[in-house]
Every structure is written in structure tokens, then in C-alpha cells.
Amino acid sequence: PEALILEHVGYSAEVLDPENVGTFFIRREPNVHKHAVGNVLVVGGSLGKLGAAKLTAFAALRAGAGLVTLCTWPEAARAIESQVMEIMTARIDPDDIEGSLDKQLEGRHVVAIGPGLGLDDVARRVVDHVVLRWDGLKVVDADAITMFVGRARELAAARGRVVLTPHPGELGRLLGCSGAEIEQDRFGKIADAVKLTGATVVLKGARTLVALPDGRVHVAVAGNPALATAGSGDVLTGIVAALGCTMKEDRATCAGVLVHALAADKWSAQTGADRGLLAGEIAKMVPAIVADLMRRGQERT
């Protein structure tokens, strides 16, 4: 049925195959150390919206990053430091935004930016500095995507590599249309977004799409309505960021989307439910999903 739908609308897409995606993961050497397996910086969080950034950081750890630092505003850092153990914290200095960010960007493999960050002019300076001027891989979500409404073309000139992870409403704002219009032509609109931004784009929703700058499109047929829960997208951002530390961004994005979807399917199989899934539960299931994918990938080879 999926192949027929794709043929009918005139677009071709490759279904994300667990056996194939499983080959993207490499078993770690016994003497591997935390710095080698991934150093992720999460730039996000603000008072009242700390949960989003915490979920992203937690998911990055569960997806295998060896070090995760949550870089946020001073007042948010103070509020969060008593709540986290494995996650380190760092502060954005309001008096030296760019300088304080540069210190935190040193040595990072991937930056996840946007969840809970805020939408004021100061937050925009943070987003512009990281997304447009840092040379590494950025996974851009939530508030950071919204910052580029009306100027999405600037992303095409960004240094480094960019992965965008919008839901239909966010993509609609980026393209100057409604979320309903996105849903009516998901393949066409995601292609427009890639052409406009030059980025890898994930269009979340039923049958999440991953579109790459080289024209390839992948579709996840896994996943279910249980993913319609607050924080689900923040978890996806963290998973993709962690995988991007050891994979090229196309593989990391495809693998992250599939892992995220399969976690929801496993939860629904265990509970018999199509609702009630918590975003933190998605992250907790990631190691087992990755292990199963690796097993399936090894059997294929």
C-alpha cells in the first residue's frame, strides 16, 4: 500500500528498513572512551521550558553520546543543576553571548539547538551564532527553526551541516504556508524545504519523512499515534544528535527517526495502548532498540 501511494503522487521514497539501518551501527571497541563516542552540546531551555532541553540531553545520552552538556541561560542553569546528574550544564553569558558560546562549542561533535530556548532577540543571537557560524553539525529544532521564519534561505549559506526537524506547523511557517497545506503535500513541501535551505530535513508526523540534499527521500513506516505526546520531538532531536557524533548526518538522521518510531511501536506492543506514552519513556527504550537493530544488521551481513 505504501509503494502504491508513493507512485500515485509521483514521488519516490525508500522505506527505512531495519536490517539496512542496523548496518549503520558499529560495535564499540572494549577500550573506547567517552570523548570518542560523542560529545553533544544541547543549546536550549529557559525558565518555564526547561523540560524540552532536559529531554533532548537525556535522549542524547540514551542514544550513546559519551558526554552531553546543556548550555542555557544563567537563571535556567541554576534551576536545573540540582535536577540532573549525568548531564553537565554551562551558561550563556548575556553580556558576552558569542564569546561564551564559542567556549562551549570547542571540541563538540554535534550541537542540538532550539528546544525551549525562547524566541526573543537575545535567543535569536544565540541561534544565528551557532547555526550560521559554527562549522560542525547542528540539529535544529523547535524555537531555533522558528527563528528562521521569513529568512529560511539564510540556512543555505550556513557554515557546517544542518539537520532541520520540524513538525508540519513549523515547516509551514518556514515555507510561508499553513500546516494543513504541508499535510496535503508532504513530499512536495519537504522537497521545497530542502531546496530552500540546503539542509537535511525531517518532516515529523504519521509516516515521518527524511529528505536529503542529494534528492533522496526516506519514509518511516514504523511509529504510531502514541508519539503524539509532549516532548516526543525533543527526544528525536537528542537521538539524531548523538548518532551524528559517529555517523554521517544522512545515516544519523535516518537511524534516529527509525529508532524513535520503533521505540513507540515497542511500547504500544507491550501496553496495548495507542496513547499515554511519555517522552522520557521513548528515550529509555533507545538502547534496546539500537541493540536489536545492530543484531538485525549483523544477520543481514
Using a 3.5 Å cut-off and no angle test, enumerate the donor-acceptor pairs between side-chain atoms of residues 271-280 and protein atoms at least two apart in sequence or in another chain.
residue, atom, partner, partner atom, Å
Thr271, OG1, Trp267, O, 2.9
Thr271, OG1, Ala273, N, 3.1

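- Within a 6.0 Å sphere centred on CD of Glu29, heavy atoms belonging to other residues, nucleotides or ligands number 12 at most.
- Across all non-hydrogen atoms, the minimal contact from Thr197 to Ala152 is CG2-O, 3.8 Å.
- Two residues are said to be in side-chain contact when any heavy atoms from C-beta on lie closer than 4.5 Å; Val221 and Leu16 fail this criterion.
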Counting only pairs under 3.5 Å, give me each side-chain donor-acceptor contact of residues 71-82, with atom names and distances, residues two or more places apart or in other chains.
residue, atom, partner, partner atom, Å
Thr72, OG1, Gly44, O, 2.9
Thr72, OG1, Gly45, O, 2.9
Trp73, NE1, Leu117, O, 3.2
Glu81, OE1, Arg91, NH2, 3.2
Glu81, OE2, Thr89, OG1, 2.8
Glu81, OE2, Arg91, NH1, 2.9

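- Distance check, rounded to the nearest 0.5 Å: CZ of Arg251 to CZ of Phe24 gives 4.5 Å.
- In terms of heavy-atom proximity, Arg207 sits nearest to Ala222 at NH1-O, 4.5 Å.
- Between Arg108 and Asp135, none of the side-chain N atoms (NZ, or NE/NH1/NH2) sits under 4.0 Å from a carboxylate O, so this pair counts as no salt bridge.
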Margin query: Arg28 vs Val37, test: side-chain contact (heavy atoms from CB on, under 4.5 Å). Steps then yes/no.
Written below: CA-CA 9 Å; Arg28 292 178 176 177; Val37 297; 3.6 Å; yes
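- The structure places NE2 of His129 at 10.0 Å from CD1 of Ile113, a figure rounded to the nearest 0.5 Å.
- Salt bridge absent: Glu281 and Lys284 never bring a charged side-chain N and a carboxylate O closer than 4.0 Å.
- In terms of the side chain to side chain contact (heavy atoms under 4.5 Å, CB included) criterion, residue partners of Arg161 (sequence neighbours excluded) are, by chain and number, Leu137, Glu249.
- The closest donor-acceptor contact from the side chain of Asp143 to the backbone of Gly118 lies under 3.5 Å.
- Side chain of Ser178 to main chain of Glu181: a donor-acceptor pair is present (N/O by atom type, distance under 3.5 Å, no hydrogens or angles).
- Looking at heavy atoms from C-beta onward, Leu101 lies in side-chain contact with Val126 at the 4.5 angstrom threshold.
- Between His218 and Leu209, the closest side-chain pair of non-hydrogen atoms is not below 4.5 Å.
- For the pair Thr146 and Leu119, the minimum side-chain heavy-atom distance is below 4.5 Å.
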Throw together a table of side-chain donor-acceptor distances under 3.5 angstrom for residues 255-263, partners on residues two or more places apart or in other chains.
residue, atom, partner, partner atom, Å
His260, NE2, Ser232, O, 2.9
His260, NE2, Ser232, OG, 3.1

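- Using a distance-only test at 3.5 Å, with no hydrogens or angles considered, a donor-acceptor pair links the side chain of Ser100 to the main chain of Ile97.
- Looking at Val131 and Leu155, their side chains come closer than 4.5 Å, going by heavy atoms from C-beta outward.
- Using a cut-off of 4.0 Å between Lys/Arg side-chain N and Asp/Glu carboxylate O, Arg300 and Asp17 are scored as salt-bridged.
- Looking only at atom types and distance, the side chain of Thr237 has a donor-acceptor partner in the side chain of Asp141 under 3.5 Å away.
- Among residues two or more places apart in sequence or in another chain, the side chain to side chain contact (heavy atoms under 4.5 Å, CB included) test is passed with Asp192 by Leu175, Lys189.
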- request: Step by step, work out the side-chain contact (heavy atoms from CB on, under 4.5 Å) result for Thr200 and Val210.
  value: CA-CA 7 Å; Thr200 294; Val210 179; 4.3 Å; yes
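- Counting only heavy atoms from C-beta outward, the side chains of Thr208 and Val219 never approach each other to under 4.5 Å.
- Checking side-chain atoms of Asn39 against main-chain N and O of Val110 turns up no donor-acceptor pair under 3.5 Å.
- Leu243 CG to Thr246 OG1: the interatomic distance, rounded to the nearest 0.5 Å, is 6.5 Å.
- A salt bridge does not link Arg216 with Glu14: every distance from a Lys NZ or Arg NE/NH1/NH2 to an Asp or Glu carboxylate oxygen is 4.0 Å or more.
- For Arg296, the salt bridge (Lys or Arg N to Asp or Glu O under 4.0 Å) criterion is met by Glu19, Asp292, not counting sequence neighbours.
- Rounded to the nearest 0.5 angstrom, Phe58 CZ and Glu86 CD are separated by 7.5 Å.
- Here Met147 contributes atom CE and Ile145 contributes atom CD1; the two are 12.0 Å apart, rounded to the nearest 0.5 Å.
- Closest approach of Asp95 and Asp93 over heavy atoms only: N-OD1, 2.9 Å.
- For the pair Glu170 (side chain) and His167 (backbone), a donor-acceptor distance under 3.5 Å is present.
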- Task: For side-chain contact (heavy atoms from CB on, under 4.5 Å), just list the numbers for Leu212 and Val194, CA-CA rounded to whole Å, side-chain angles, deciding distance to a tenth of an Å, and then say yes or no.
- Result: CA-CA 7 Å; Leu212 307 174; Val194 173; over 6 Å; no
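- In the hydrophobic clustering of ILVMFWY residues, with side-chain heavy atoms under 4.5 Å counting as a link, Val68 and Val130 come out apart.
- Scanning both residues, Asp265 and Gly223, for their nearest heavy atoms gives OD2-N, 3.0 Å.
- Between the CG atom of Leu203 and the CZ atom of Phe187 there is a distance of 9.5 Å, given to the nearest 0.5 Å.
- The side-chain contact (heavy atoms from CB on, under 4.5 Å) test with Leu164 singles out one residue from Leu174, Ile190, Val202, and that residue is Leu174.
- Salt bridge annotation for Arg186-Glu183: present, with a cationic side-chain nitrogen under 4.0 angstrom from a carboxylate oxygen.
- Taking 4.5 Å as the limit, some side-chain heavy atom of Val43 sits within range of a side-chain heavy atom of Val111.
- The 12-atom threshold is exceeded at CZ of Arg151, counting heavy atoms of other residues, nucleotides or ligands nearer than 6.0 Å.
- The heavy-atom pair separating Ser46 from Gly116 by the smallest distance is OG-O, 2.7 Å.
- Judged by distance alone, with hydrogens and angles left aside, the side-chain atoms of Lys138 form a donor-acceptor pair with the main-chain N or O of Trp134 at under 3.5 Å.
- Residues Thr69 and Val42 form no side-chain contact, since every pair of their non-hydrogen atoms from C-beta on lies 4.5 Å or further apart.
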